[in-house]
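Below is one structure, written out as structure tokens, with a few remarks after it.
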Amino acid sequence: MTGHTVVASANVLFTLRDDEAAEALHAILDREPDLVGLQEWGVSRYPLLSETGWLRLPFLRGVRLRRSGGGGAAGYVWAVPLLGGCPVGARGDRFELLECHVRILGWFGRADRSAGPPSIAVPRVITIAVFRDQRSDRVLTVLNFHLSPRVQASGRYRQDRPRLVARHQAEVRNLSQLVAEQLARGRVVYAVGDSNFDGLRLPGLTSAWEGRGSEPGTLGSHRKIDDVHGPGPSTTVALLTNASDHKAVVVTRADIP
């Protein structure tokens, strides 16, 4: 029988208290996803991840810290970069972490005059984590991203923010190139995160929202800016409400034979 992979993505607002962030994290892990991508999850929150399994910095070998004792969460291995706020987690009983690193999607840049302070756009950093799926012996890559915000109005790019729009479009091109590179290596690829653009599609992958336009969104009532792009259509898509302004999204897909 064909297996399945459950992948979760959650933008957990950086201003939340630690107890609120922890509650959001454990609500996600209670669903026992195979793979997890978090956004706005800074270094100060890494101790919360250590309660659920292993942490590994891109330049250090993994060190087992503690295994979670509750919530149904399997022991997770977390690729935790120092920059970007986008750690990637995977079930330790299924996946072996082979490598993790970060890439810049967009450097510092000038903001539009109408943007107000700050006048400088901050870099956007993507986390790339590579795993061996011990169930199928296939190599899998997770790209976890958080693109520039406030680029869209009424379903389209804003005309009053040309610099921001150009920056976002460049980030999407860079992300698409990274996806293409991983696919060319014969890997199963998931690109998860917050695009800040309702309707984003990535060549070579399928949005979890494909064919689900009438369903509720992850930000507000309808905007589907949090997504799990992967191989083929989603089987199920579930939303989880927490103290963040975004709903977490948990997506199930059938595994590739």
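Worth saying up front: this structure is predicted, and the values here are computed from it rather than measured.
- A donor-acceptor contact closer than 3.5 angstrom links the side chains of D227 and S207.
- Between the D133 side chain and the F95 main chain, no donor and acceptor come within less than 3.5 Å of each other.
- Remark: D194 does not engage R124 in a salt bridge, criterion side-chain N to carboxylate O under 4.0 Å.
- Around CD of E23, the count of heavy atoms belonging to other residues, nucleotides or ligands within 6.0 Å does not exceed 12.
- Between the CG atom of L97 and the CD atom of E99 there is a distance of 8.5 Å, given to the nearest 0.5 Å.
- Under the 4.5 Å side-chain contact rule for hydrophobic residues, F131 and W54 share a cluster.
- Clustering ILVMFWY residues whenever any of their side-chain heavy atoms sit less than 4.5 angstrom apart, transitively, puts L82 in the very cluster that holds L48.
- When side chains are defined from C-beta on, P203 does not count as touching V179, because their heavy atoms never get closer than 4.5 Å.
- Between the side chain of Q182 and the main chain of V188, no donor-acceptor pair closer than 3.5 Å is present.
- Between the side chains of R94 and T5, at least one donor-acceptor pair of N or O atoms lies under 3.5 Å.
- Every residue meeting the side-chain contact (heavy atoms from CB on, under 4.5 Å) condition with A24, not counting sequence neighbours, appears here in chain and number order: V12, N242.
- Q39 and N144 are linked by a side-chain donor-acceptor pair at a separation below 3.5 angstrom, with hydrogens and angles left out of the test.
- Checked for salt-bridge contact, D255 and R138 miss the test: no charged N lies under 4.0 Å from a carboxylate O.
- Looking at heavy atoms from C-beta onward, S148 lies out of side-chain contact with N196 at the 4.5 angstrom threshold.
- Within the structure, salt bridge (Lys or Arg N to Asp or Glu O under 4.0 Å) pairs that include any residue of residues 6-18 comprise R17-D19, R17-E20 (at least two apart or interchain).
- In this structure V139 satisfies the side-chain contact (heavy atoms from CB on, under 4.5 Å) test together with L98, V130, R132, R187, sequence neighbours excluded.
- Contact detail for P87 and V80: the closest heavy-atom pair is CB-CG1, 4.0 Å.
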Go through it in stages, so that I can follow the logic: the residues are V36 and Y76, the test is side chain to side chain contact (heavy atoms under 4.5 Å, CB included), and I'd like the CA-CA distance, side-chain angles, deciding distance and then a yes or no. CA-CA 9 Å; V36 184; Y76 282 81; 4.1 Å; yes

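- Residues meeting the side chain to side chain donor-acceptor pair (under 3.5 Å) test with T235, sequence neighbours left out: none.
- E181 pairs by the side-chain contact (heavy atoms from CB on, under 4.5 Å) definition with R103, Q177, L178, not counting sequence neighbours.
- Minimum interatomic distance between L164 and P149 (heavy atoms only, all atoms of both residues): CD2-O, 3.4 Å.
- Here the straight-line distance linking atom CD1 of I28 with atom CG of L38 works out to 6.0 Å at 0.5 Å rounding.
- One N or O on the side chain of D34 and one on the backbone of V6 form a donor-acceptor pair closer than 3.5 Å.
- L239 approaches G217 most closely through the heavy-atom pair CD1-O, 3.4 Å.
- In summary, the side chains of D226 and S9 do not present any donor paired with an acceptor at a separation below 3.5 Å, with no hydrogens or angles considered.
- The cluster map of Ile, Leu, Val, Met, Phe, Trp and Tyr, joined by side-chain heavy atoms under 4.5 Å apart, puts L183 and V172 in the same cluster.
- Within the structure, every pair that satisfies the salt bridge (Lys or Arg N to Asp or Glu O under 4.0 Å) test and touches residues 199-211, not counting sequence neighbours, is listed here: R201-E210.
- In terms of the side chain to side chain donor-acceptor pair (under 3.5 Å) criterion, S195 has no residue partners (sequence neighbours excluded).
- With sequence neighbours excluded, no residue forms a ring-ring contact (aromatic ring centres under 6.0 Å, His included) with Y46.
- Classified by interplanar angle (parallel below 30°, tilted 30° to 60°, perpendicular above 60°), the ring pair H229/F145 is tilted.
- Residues V102 and I126 form no side-chain contact, since every pair of their non-hydrogen atoms from C-beta on lies 4.5 Å or further apart.
- For the residue pair W209/S234, the side-chain donor-acceptor check at 3.5 Å is not satisfied.
- Inter-residue side-chain proximity for L105 and L147 is flagged as met; some heavy-atom pair is nearer than 4.5 Å.
- Expressed to the nearest 0.5 Å, how far CG of L29 lies from CZ of R91 amounts to 10.0 Å.
- By the salt bridge (Lys or Arg N to Asp or Glu O under 4.0 Å) test, R167 is found to be paired with E171, residues two or more places apart in sequence or in another chain being considered.
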Side chain to side chain contact (heavy atoms under 4.5 Å, CB included) assessment of T141 paired with I128: CA-CA 7 Å; T141 300; I128 304 173; 3.7 Å; yes

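- Looking at R56 and C100, their side chains come closer than 4.5 Å, going by heavy atoms from C-beta outward.
- Here NE2 of H168 is found 7.0 Å from CZ of F197. Values are rounded to the nearest 0.5 Å.
- Annotation: side chain of V228 is in contact with side chain of Y190 (closest heavy-atom distance under 4.5 Å).
- For E215, the side chain to side chain donor-acceptor pair (under 3.5 Å) partners at least two apart in sequence or on another chain are R212.
- Within 6.0 Å of the CZ atom in R150, the count of heavy atoms belonging to other residues, nucleotides or ligands does not exceed 12.
- Contacts of E40 classified as side-chain contact (heavy atoms from CB on, under 4.5 Å), with partners at least two apart in sequence or in another chain: N11, L13, F14, H146.
- Taking each heavy atom of G92 and Q134 in turn, the nearest pair found is O-NE2, 4.0 Å.
- Using a 4.5 Å cut-off on side-chain heavy atoms (C-beta onward), V250 and L240 make contact.
- To the nearest 0.5 angstrom, D93 atom CG is 10.0 Å from R135 atom CZ.
- V142 and L200 fall into different hydrophobic clusters, where Ile, Leu, Val, Met, Phe, Trp and Tyr are joined by side-chain heavy atoms under 4.5 Å apart, directly or via other members.
- The backbone N or O of G213 lies less than 3.5 Å from a partner atom in the side chain of K224, making a donor-acceptor pair.
- Scanning for side chain to side chain donor-acceptor pair (under 3.5 Å) contacts around T252 gives T236, with sequence neighbours left out.
- Cluster annotation: W41 and V125 are assigned to distinct hydrophobic clusters (Ile/Leu/Val/Met/Phe/Trp/Tyr, side-chain heavy-atom contacts under 4.5 Å, transitive).
- Shortest non-hydrogen contact noted between V237 and A208 is CG2-O, 3.6 Å.
- Within the 4.5 Å cutoff, the side chain of V192 has no heavy atoms near those of the L143 side chain.
- Here the straight-line distance linking atom NZ of K247 with atom OG1 of T218 works out to 7.5 Å at 0.5 Å rounding.
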